[in-house]
Amino acid sequence: MRRLLIKKNPVFFLFLLITTSSLTILIFSLLRLPESPPIIFTGKLRADLSDELGFFGNMMVEMLPEDLVFTAFVPSENAFNRDLGMTKPNNTRESKPLEDEENTYAVVSRILGFAVVPYRVDEVDIGKDETASYESLSGFTLKIWRKSRNSGGLVVNGVETEKMGLKRGKIMVHIMDGVIMDSDFAQSVASSDTTPQDEEEPEP
């Protein structure tokens, strides 16, 4: 009976053929549909973050492994210049002796030890009238509280944040309007600013 019906009704046969073919193509298309590649913004984010951190801040953060949790209170480029007398080197090797490069790396490493904690610390983690204590990588104690003004932000050992919540991997970065360091290192920085020309030479 069905064969007779199909033969007598070619329109029905054509409709059945088109429907079956469409369903078959649709099923195979879904089964063989390639997965969309993940959209990765790492390069752009890294470049943007590098611009925000500046030369020395970027050097400091790159010393940390991105797959571990840290919070870095990174001095701004202006703070590195103002408080430590450090300026971004020129691109030419002749203008930056190797000894100066090693000294720069050593200073940034010391600042990292004072200003990085192996925890995630954000503004929401600090109570309104609370002063929290964290131990840095070098064992230096950081006292952290919220700014009293409505602008938000944190104060770390008396140094205020300029910008908060930057991220690189699992590292939280807060840019600071100053350099977090202990008194001994601060004294050594101050003494290094005193040049021999300021002292009078003794008479023979």
Side-chain angles (χ1 to χ4, degrees), residues 46-66 68 70-119 121-123 131-147 149 151 153-169 171-199:
R46 179 181 289 276
D48 291 347
L49 186 54
S50 298
D51 292 339
E52 300 233 38
L53 291 176
F55 179 80
F56 300 109
N58 192 57
M59 180 189 295
M60 179 173 162
V61 173
E62 284 190 343
M63 294 178 185
L64 299 169
E66 295 183 18
L68 297 178
F70 294 99
T71 298
F73 300 97
V74 177
S76 66
E77 195 79 352
N78 181 58
F80 270 111
N81 183 282
R82 181 191 65 215
D83 300 344
L84 299 175
M86 298 174 67
T87 55
K88 180 180 177 179
N90 296 326
N91 292 330
T92 56
R93 292 281 302 178
E94 291 79 5
S95 64
K96 194 71 177 177
L98 180 60
E99 183 180 355
D100 289 346
E101 291 183 2
E102 292 175 349
N103 290 340
T104 297
Y105 190 88
V107 171
V108 173
S109 298
R110 288 292 302 277
I111 299 303
L112 181 146
F114 296 131
V116 175
V117 297
Y119 316 99
V121 182
D122 208 346
E123 188 174 358
T131 298
S133 294
Y134 291 89
E135 192 171 282
S136 73
L137 296 181
S138 66
F140 182 55
T141 301
L142 303 184
K143 299 287 187 181
I144 305 175
W145 62 93
R146 286 192 182 188
K147 289 183 183 179
R149 298 189 295 273
S151 58
L154 297 173
V155 182
V156 183
N157 287 25
V159 181
E160 294 189 355
T161 54
E162 281 189 0
K163 186 171 292 187
M164 296 187 61
L166 303 178
K167 293 180 182 178
R168 176 173 290 176
I171 304 170
M172 174 78 72
V173 181
H174 305 314
I175 299 179
M176 312 299 294
D177 184 26
V179 180
I180 299 170
M181 50 187 167
D182 67 7
S183 56
D184 291 339
F185 189 73
Q187 187 175 357
S188 68
V189 170
S191 62
S192 66
D193 290 337
T194 304
T195 58
Q197 287 79 5
D198 295 335
E199 300 178 0

Nearest atoms (heavy-atom pairs only) where Glu123 meets Gly153: OE2-N, 3.2 Å
Check: Val189 and Asp83 side chains under 4.5 Å, non-hydrogen atoms: no
Test side-chain contact (heavy atoms from CB on, under 4.5 Å) applied to Phe70 and Leu137, step by step: CA-CA 10 Å; Phe70 294 99; Leu137 296 181; 4.0 Å; yes
Euclidean distance, Phe80 CZ relative to Met59 CE, rounded to 0.5 Å: 8.5 Å
Side chain to side chain donor-acceptor pair (under 3.5 Å) pairs, two or more places apart, involving residues 174-185: Arg82-Asp177
Those residues that, when tested against Tyr134, pass ring pair (Phe, Tyr, Trp, His ring centres under 6.0 Å) (two or more places apart): Tyr119
CG-CD1 distance between Leu68 and Ile171, expressed to the nearest 0.5 angstrom: 8.5 Å
Closest non-hydrogen atom pair, Ala72 against Leu64: CB-CD1, 4.4 Å
Least distance between heavy atoms, Gly178 atom then Ala79 atom: N-CB, 3.5 Å
Distance, nearest 0.5 Å, that separates CZ of Arg146 from OG1 of Thr131: 12.0 Å
Side-chain donor or acceptor of Arg168 paired with backbone N/O of Glu66 under 3.5 Å: no
Spatial distance of atom CE (Met181) from atom CD (Gln187) [nearest 0.5 Å]: 11.5 Å
Side chain to side chain donor-acceptor pair (under 3.5 Å) partners for Ser136, two or more places apart: Ser138
Which residues share a side chain to side chain donor-acceptor pair (under 3.5 Å) with Thr141, sequence neighbours left out: none
Interatomic spacing from CG in Leu154 to CE in Met176 - rounded to 0.5 Å: 7.5 Å
Side chain proximity check, Met164 to Asp122, heavy atoms < 4.5 angstrom: yes
Side chain to side chain donor-acceptor pair (under 3.5 Å) partners for Glu160, two or more places apart: Arg149
Leu142 and Phe73, any side-chain heavy atoms less than 4.5 Å apart: yes
Approximate separation, where rounding is to 0.5 Å, of Glu162 CD and Glu77 CD: 11.0 Å
Which donor-acceptor pairs under 3.5 Å do the side chains of residues 109-118 make with protein atoms, sequence neighbours left out?
| unit_1 | atom_1 | unit_2 | atom_2 | d |
| --- | --- | --- | --- | --- |
| Ser109 | OG | Tyr105 | O | 2.8 |

Side chain Lys147, main chain Thr161, donor-acceptor under 3.5 Å: yes
For Gly165 against Met172, the heavy-atom pair lying closest together: CA-SD, 3.5 Å
Side-chain heavy atoms of Val107 within contact of Phe185, under 4.5 Å: yes
